[in-house]
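The structure under discussion appears below in the form of structure tokens.
Below, chain A is the first sequence line, B the second, and so on; all start at residue 1.
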Protein chains: 2
Amino acid sequence: MRTAGLRPTRQRIALADLLFAAGDRHVSAEALHEEAQAAGFSVSLATVYNTLHQFTEAGMLRIVQVEGARTHFDTNVSDHHHFFIEDENLVFDIPSGRVEVKNLPEPPEGTEIANVDIVVRLRRKVR
Amino acid sequence: MRTAGLRPTRQRIALADLLFAAGDRHVSAEALHEEAQAAGFSVSLATVYNTLHQFTEAGMLRIVQVEGARTHFDTNVSDHHHFFIEDENLVFDIPSGRVEVKNLPEPPEGTEIANVDIVVRLRRKVR
DNA sequence: CTGTGTGCAAACTCTTTGCATAAGT
DNA sequence: ACTTATGCAAAGAGTTTGCACACAG
């Protein structure tokens with residue numbers, strides 16, 4: 001954290017604990033905020049946003065934009081793709097190395113590919 | 001339009017004209033609203049939103065969610081994917097039939113794939 | 001005429017910002 | 001002490017909604 005030029009404040013440490021304790025996670029700012037409250041320490045929502053963005057700039061998180069409005073932050077910063085269950089606001093990784101994209105067209109004149117995002121939208125089976 | 005159970009009102013007709021006159025288009029509500037104003041007939045932004053959603057439900061448009069916040073509506077309702085130039089808010093189709101996804105993993109127990117969206121994010125080459 | 005559509009403004013959701021206070025080093 | 005972070009509340013962007021008036025059938 002220090003190497004990223006970020007002061008290890010209480011709030012940042014607490015949020016980092018929540019984020020990186022378990023394996024890969026996908027959180028929205030609001031979800032993380034609630035989680036922090038539930039865990040008993042108070043952080044303002046604004047600070048959660050700030051912190052998430054600072055972590056993102058430091059390369060510790062990446063942003064996954066799977067739906068309008070809400071932004072999801074992913075603790076897995078390697079190159080991979082996502083499942084998304086619409087009705088539940090749930091994002092999770094597609095096991096990496098599995099998906100392969102073939103025949104990507106050349107990008108138009110004067111542009112280059114920044115990255116390729118694949119989102120597989122899921123729905124619950126109604127039985 | 002009538003077959004979709006939608007009354008062909010002035011506003012709807014005018015918006016449909018703008019949308020379907022030329023080939024495939026990708027518009028945001030705001031962009032279409034401005035375009036209507038520029039074309040000399042007044043439609044309220046709320047009506048543009050309503051109309052776009054009604055057209056979407058009628059299967060005449062599809063929603064492309066490539067970035068946070070803004071929603072893009074696509075007049076090409078066939079199965080295809082998109083290029084997106086971030087800094088210009090520009091969405092356009094990847095020539096269909098070209099891209100192919102291999103090795104898609106099985107969706108988790110109890111879910112099924114609703115659809116697969118591929119967004120190729122582009123950036124302008126700086127020369 | 002009757003019912004659906006439109007326009008306006010207010011409400012809403014998610015996110016960002018400004019500024020005084022608090023906390024790290 | 002000096003500087004950077006935090007918290008709050010207000011502002012902002014995009015979208016939706018409620019309700020009176022207008023218009024298509």
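- Closest approach to the A/Arg12 side chain among C/dT6, C/dG7, D/dA5 is made by D/dA5 (side chain taken as heavy atoms from C-beta onward).
- The existence of a salt bridge linking A/Glu112 and B/Arg123 is confirmed by a sub-4.0 Å separation between a basic side-chain nitrogen and an acidic carboxylate oxygen.
- One atom, CG of B/Leu52, and another, P of D/dT15, lie 10 Å apart when rounded to the nearest Å.
- A/Arg25 places a side-chain N or O within 3.5 Å of a backbone atom of A/Leu18 that can act as its donor or acceptor partner.
- Residue contacts for B/His33: at a heavy-atom cut-off of 4.0 Å it reaches no nucleic acid atom on any strand shown.
- Here the P atom of nucleotide C/dA23 and the CD atom of A/Gln11 are 9 Å apart, to the nearest Å.
- When rounded to the nearest whole Å, the span between CD of B/Gln54 and C1' of D/dT15 equals 15 Å.
- A/Ser42 comes within 4.0 angstrom of the backbone, heavy atoms only, and of no base.
- In this structure, A/Leu15 atom CG and D/dT6 atom C1' are separated by 12 Å, rounded to whole Å.
- Distance, B/Asn89 CG to D/dG14 C1': 12 Å, rounded to whole Å.
- We find that NE2 of B/His72 is positioned 16 Å from P of D/dA13, with the value rounded to whole Å.
- Heavy atoms of B/Thr71 sit under 4.0 angstrom from primed sugar atoms or phosphate atoms, though from no base atom.
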If a protein heavy atom is under 4.0 Å from the base, mark B; if only from the sugar-phosphate, S; if neither, -; do that for nucleotides 17-25 of chain D going 5' to 3'. B-----SBS
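- Classification of the A/Phe20-A/Phe55 ring pair by plane angle, with boundaries at 30° and 60°, yields tilted.
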